[in-house]
Undergrad: 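Structure provided below as structure tokens; questions to follow.
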Amino acid sequence: MALAVDLVEDSPYRFRIPPRAPMRVPGVVFASRDLLADAEQSLEQVANVATLPGIVGASYAMPDVHWGYGFPIGGVAATDVAQGGVVSPGGVGFDISCGVRLLAADADGRQFQPALPAVMDGLDRAVPRGAGPGGVWRLTGPGQLERILYGGSRYAVEEGHGEERDLIRCEDGGAVGDADAAQVSARARERGLAQVGSLGSANHFLEVQQVAEVYDETVAAAFGLFLGQVCVMIHCGSRGLGHQICTDHVRAMDRAMARYGITVPDRQLACTPVDSPQGRDYLGAMAAAANYGRANRQLLSHAARGVFRRAAGTRLSLVYDVSHNLAKIETHEVGGRRRRLCVHRKGATRAFPPGHPELPADVREFGQPVLIPGTMGTASYVLTGVPGGDAFFSTCHGAGRVLSRHRAARTVTGRELRARLEASGIAVRPKSWRGLAEETPEAYKDVSAVVAASEGAGLCRTVARLVPLGVVKG
DNA sequence: ATGTGC
């Protein structure tokens, strides 16, 4: 049953949904009026999330909010573990640990341009993508998958697929420590086995980009970025493995929920207390998928490095790797007290402020790098976290879809879109024409407006804008 | 997002 939603503008870029039973906290939506056009369904989802047991602060929505499974995409919700706070797989999403990695080349666009076609052809061959099986790693046995589930990109680097800096500049040092592979079903393992080091499809991509604008030179330099520089951005997740884990644990929680006296306004919000067998099982499986997602991005980085070295004589250094679909146990101050919270970020990026102890030492004083993938014809952004801590140090994650895949594919054919992009100087290596058409830039909100609203709401600060030179897609 | 459906 959906709740009717009132929206009160508290300040520019900040709207509030007053709590009405059974909401336990208000909804807080960071956006402009323009960005909220047609957002009614997702605002109902923000209100639904506010009913969850143990939720603290507010049910938050980022400026790229749109409708999702149970929780809106662009949603942030934290629950107090000691107060019966719940964890919900719908608050993470099907693509557990979907995230973005940015690598910076030791070359600028002018030097690099002659090598671009050969690099794109090399990436076309080296990057497994599209639906179904295929990955850069052919696993030697189930033991190796187990090591990925525990070791994440740390394991990939140990096996020679990366360098030490890759771990320093990756969220959680390349692996989360609380994975429990025993909670990853046989079916999830089977799906994951043949997809290690693959991009997937839909909005996932690998792009060669160029830094088109720098808004803060000091912070950009600390992150390893300069104007004109060539970069590689990778956006992908945990493929069929994460999807199956979500499916399995939603079912388990749906069955167990009544035992804890929990009722939710939407069955897709299935949840149990963090401190329950089902809650712990899900968080263990989710952490294993998080590690799989990092290993996935690490292996694709290594494949891209090989191509850049051979075709352009260029090195790639990791700027940062951050997930935007994850729940984390974090300590935050709420109502004057430090509390242990389960922070769900679904289509929302963690954005730790300057000085946060979990940040790598060489960027700590500048805040956490936040990576925002845009759409093919437009731009992507690098942001940084700011002091303040609203929404538990979180910000937006991307442009946000406005046209359905079906409607998008009716506006343009894949071949037309490639011709248009190539004419504007962007090389395109699609696997599927249909998949390319579904990702036409018109299908998305203006990523610049999303970033401006996020900064205007005090969630982050803009560091650099990147534009695509070449796109590799499923 | 996804062996694009339960």
Side-chain angles (χ1 to χ4, degrees), chain A residues 42 45 62 64-75 88-101 128-135 145 184-206 234-252 254-255 267-268 270 282 285-286 288-290 292-294 296-297 300 322-327 344-349 373 375 397-410 414 430-439 443-444 473-474:
Chain A
S42 47
Q45 292 190 316
M62 304 296 115
D64 47 337
V65 65
H66 56 286
W67 185 87
Y69 179 90
F71 284 60
I73 296 162
S88 173
V92 172
F94 276 89
D95 194 3
I96 297 168
S97 192
C98 180
V100 187
R101 170 177 285 229
R129 57 200 192 275
L145 181 65
V184 179
S185 68
R187 202 170 178 190
R189 287 162 191 261
E190 201 178 303
R191 291 179 69 174
L193 207 57
Q195 300 181 324
V196 185
S198 66
L199 211 49
S201 54
N203 68 353
H204 289 162
F205 65 72
L206 184 151
I234 299 171
H235 177 207
C236 66
S238 54
R239 305 291 329 274
L241 180 124
H243 193 278
Q244 190 62 47
I245 286 172
C246 183
T247 304
D248 293 341
H249 289 262
V250 164
R251 185 176 300 141
D254 187 53
R255 287 183 185 140
R267 206 170 165 185
Q268 296 183 350
Y282 170 69
M286 184 211 71
Y292 183 98
R294 274 90 182 264
N296 196 21
R297 291 191 285 274
L300 290 170
V322 64
S323 170
H324 47 231
N325 281 8
L326 219 52
H344 302 73
R345 295 187 183 89
K346 179 189 191 178
T349 314
T375 56
H397 88 303
R401 190 168 264 283
V402 285
L403 290 186
S404 69
R405 303 200 158 276
H406 187 73
R407 284 192 61 196
R410 276 195 318 199
K431 182 160 179 190
S432 132
W433 291 118
R434 166 81 192 190
L436 190 70
E438 289 176 349
E439 291 297 312
Y444 288 89
K473 278 196 77 78

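Reminder, nothing fancy here: chain letters follow the sequence lines and each chain counts from 1. As a basis for the values below, the full set of heavy atoms in this structure was taken, side chains included, without hydrogen atoms, waters or symmetry mates.
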Undergrad: Just so I know, are the side chains of A:N325 and A:I73 near enough to count as touching, which here means a heavy-atom distance under 4.5 Å?
TA: no
Undergrad: Look for any protein N or O under 3.5 Å of an N or O in nucleotides 3-6 of chain B and output each such pair with its distance, or none.
TA:
unit_1 : atom_1 : unit_2 : atom_2 : d
B:dG3  : OP1    : A:R191 : NH2    : 2.1
B:dG3  : OP2    : A:Q195 : NE2    : 2.9
B:dG3  : OP2    : A:R239 : NH2    : 3.4
B:dG3  : O6     : A:R187 : NE     : 3.2
B:dG3  : N1     : A:R191 : NH1    : 3.2
B:dG3  : N2     : A:R191 : NH1    : 3.0
B:dG3  : N2     : A:R191 : NH2    : 3.3

Undergrad: Side-chain contact, heavy-atom cut-off 4.5 Å: A:D95 with A:H243?
TA: no
Undergrad: Contact list please: residues 88-95 of chain A against DNA chain B, heavy atoms, distance less than 4.0 Å, in numerical order.
TA: A:F94, A:D95
Undergrad: Indicate yes or no for a side-chain donor-acceptor contact from A:N296 to the backbone of A:G237 under 3.5 Å, with no hydrogens or angles considered.
TA: yes
Undergrad: By side chain to side chain contact (heavy atoms under 4.5 Å, CB included), which residues pair with A:A285, not counting sequence neighbours?
TA: A:Q183, A:V184, A:I245, A:H249
Undergrad: Are any non-hydrogen side-chain atoms of A:P128 and A:L300 less than 4.5 angstrom apart?
TA: yes
Undergrad: Mind telling me whether A:H66 and A:H397 have parallel, tilted or perpendicular rings, with 30° and 60° as the class edges?
TA: parallel
Undergrad: Can you confirm whether A:H324 sits close enough to A:C98 that some side-chain heavy atom of one is under 4.5 Å from a side-chain heavy atom of the other?
TA: yes
